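I have placed the structure first, in the form of structure tokens, so that the comments after it can refer back to it.
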There are 2 protein chains.
Amino acid sequence: MPPTSSQTAKRLDPDKLAASALELADVEGLEAVTIRKLAQRHEVTPMALYRHFSDKEDLLAAIGDRILAQIDLPKPTSERWDVQLRTLLTAFVQALRPHPKVAGLTLYRILISEPGLALGERTMELLVEGGFSVDDAAEVGRQSLCSLITLVTTEPGSNEDTDPIAREDALRAKRASLAALSPHRYPLITAAADTLICPASTDRYYALGIDLVVAGIRGVLADLGDTHAAASQQK
Amino acid sequence: MPPTSSQTAKRLDPDKLAASALELADVEGLEAVTIRKLAQRHEVTPMALYRHFSDKEDLLAAIGDRILAQIDLPKPTSERWDVQLRTLLTAFVQALRPHPKVAGLTLYRILISEPGLALGERTMELLVEGGFSVDDAAEVGRQSLCSLITLVTTEPGSNEDTDPIAREDALRAKRASLAALSPHRYPLITAAADTLICPASTDRYYALGIDLVVAGIRGVLADLGDTHAAASQQK
DNA sequence: ACCTGAACACCGTTCAAGT
DNA sequence: ACCTGAACACCGTTCAAGT
């Protein structure tokens, strides 16, 4: 008879390891996620982790998967495809937002993890419903999701220290570097320095980012339609 | 009399160091860029590099700056703002394309290096000419440039080994992982597997990516206009 | 001013061994 | 099956010293 899980003295499990790795990354940054540190947190030898992850890349993949698992996929409705797409992309961003320092790890996992695949499939569904060919839906969907990941990882101020003092210092230093520029040579950048360093409202930052993606999709679809129409007229 | 540069036996200079670091990254990837390896390439002790870069971060910044320095900023013309913007963004992508493995380093340098600032200022100029407020131009421009950087760093196939054999292996493995999916559960993803793994044409991939960004900008501008119009009507 | 040399703290990972 | 312990190759970086 094989030992049941209650009999084996399993002290570690991959889910909890990935969870505390994600925690570590959120607080101290991705470079702080180390096999050795993670082992220490679980009061175990570094080598013990290799029972559960084949190597560090595998651990980072688990972190990415954990973030994607937080996606709360909205149910299909009777709304227009582009309205539903906006809701879908917003749900995606919502899952990433708590983890700006490591959201980039999802890039390589969207087409592998189950929740990522579900998101990708649903995105393509809506794009095809809107009128894209399957191949165009793939390329457009891919870039849209990648752009939104970048929107989160580049959220101004997100990569600073968690420590509020060091954080203010970093922001002040950035502001100073822009303030030192010649307003004559860079009138617009210096005028918008505050916005560039840290947007007035984070919610607006994300709303505008998502709008930009959705508007791009609508616009490209219209252009492709024109091209087809023009091609038809040439006959 | 201070020694002229011909008298000092300077064996290293930051420009050449950054250049060979970029070369190294292009061929072997960013993780291969190491103070020690770079020193070895120049037949020098690792510590010698610290005369020219304050630390590794500084070296990576120099790589980013080197890429941005390749931007060939198009001259202003009498074309419409959005046509000129497309040309400008294309020039930006053109500078990044030779370096998909390290183009991400430019993210933190756009608002610091001179060519990056020139690009940012010109982008904002065109956006303001199009009708954006200065602050909106800052946010929209920022995300547009970030999206294009991501477009390059996620160019399918770009992060594989340079070795054509290993490269084919990696692509085949990815294809297999998508091919193993249930076409019943993921009909669109499996149907578009080839396109997702490696787009039919790289030039088309980039053209579509830039179109998406420009169309998004145009669309958001129109929406903002509507909002203003609606707000005016409410008076 | 520019480079060397030895040392330190910290990585990921292999291999052999314990229970 | 799961974990330990010692070791290896490789990092970035400090410090003191050479010319």
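Since the structure is predicted, the reported quantities are computational estimates derived from the model, not experimental observations. By convention in this document, chain letters (A, B, ...) are assigned in the order of the sequence lines, proteins followed by strands, and residues within each chain are numbered from 1.
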Among residues at least two apart in sequence or on other chains, which ones pass side-chain hydrogen bond (donor to acceptor under 3.5 Å, both in side chains) with [X]?
X	value
A:T123	none
B:T195	A:D135
B:E155	B:Y206
A:D203	A:R97

Nearest-Å distance, [atom1] ([X]) to [atom2] ([N])?
X	N	atom1	atom2	value
A:F53	D:dC2	CZ	P	13 Å
A:L59	C:dC11	CG	P	14 Å
B:E31	C:dC11	CD	C1'	15 Å
B:E28	D:dC10	CD	P	13 Å
B:L60	D:dG12	CG	C1'	12 Å
A:Q40	C:dG12	CD	C1'	16 Å
A:K37	C:dG12	NZ	C1'	14 Å
B:L38	D:dC11	CG	P	12 Å

Exercise. Does B:Y186 reach the side chain of B:L178, with side-chain heavy atoms less than 4.5 Å apart?
Worked result: no
Problem set entry | Bracket string, DNA chain D, 5' to 3' - pairs by Watson-Crick or G-U geometry under 3.5 Å, | interstrand | ||.|||||...|||||.||
Problem set entry | Side-chain N,O (B:H42) to OP1/OP2 (C:dC3) below 4.0 Å |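 Indeed not, no polar side-chain atom of B:H42 lies that close.
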Exercise. OP1 or OP2 of C:dG12 sitting under 4.0 Å from any side-chain N/O of A:T34?
Worked result: yes
Dump every N/O contact between nucleotides 13-19 of chain C and the protein below 3.5 Å, one line per pair.
| residue | atom | partner | partner atom | Å |
| --- | --- | --- | --- | --- |
| C:dT13 | OP2 | A:Y50 | OH | 2.8 |
| C:dT13 | OP2 | A:K56 | N | 3.0 |
| C:dT13 | O5' | A:Y50 | OH | 3.4 |

Problem set entry | Heavy atoms from other residues, nucleotides or ligands near CZ of B:R185 exceed 12 (cutoff 6.0 Å) | no
Could you list the donor-acceptor pairs under 3.5 angstrom formed by side chains in residues 61-70 of chain A, with sequence neighbours left out?
| residue | atom | partner | partner atom | Å |
| --- | --- | --- | --- | --- |
| A:D65 | OD1 | A:R109 | NE | 2.9 |
| A:D65 | OD2 | A:R109 | NH2 | 3.0 |

Show me the donor-acceptor pairs, under 3.5 Å and distance only, between side chains in residues 21-39 of chain A and residues at least two apart or in other chains.
| residue | atom | partner | partner atom | Å |
| --- | --- | --- | --- | --- |
| A:D26 | OD1 | A:H99 | ND1 | 3.0 |
| A:D26 | OD2 | A:H99 | ND1 | 2.7 |

Exercise. Partners of B:D194 by salt bridge (Lys or Arg N to Asp or Glu O under 4.0 Å), sequence neighbours excluded?
Worked result: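 By the salt bridge (Lys or Arg N to Asp or Glu O under 4.0 Å) rule, B:D194 matches B:R175.
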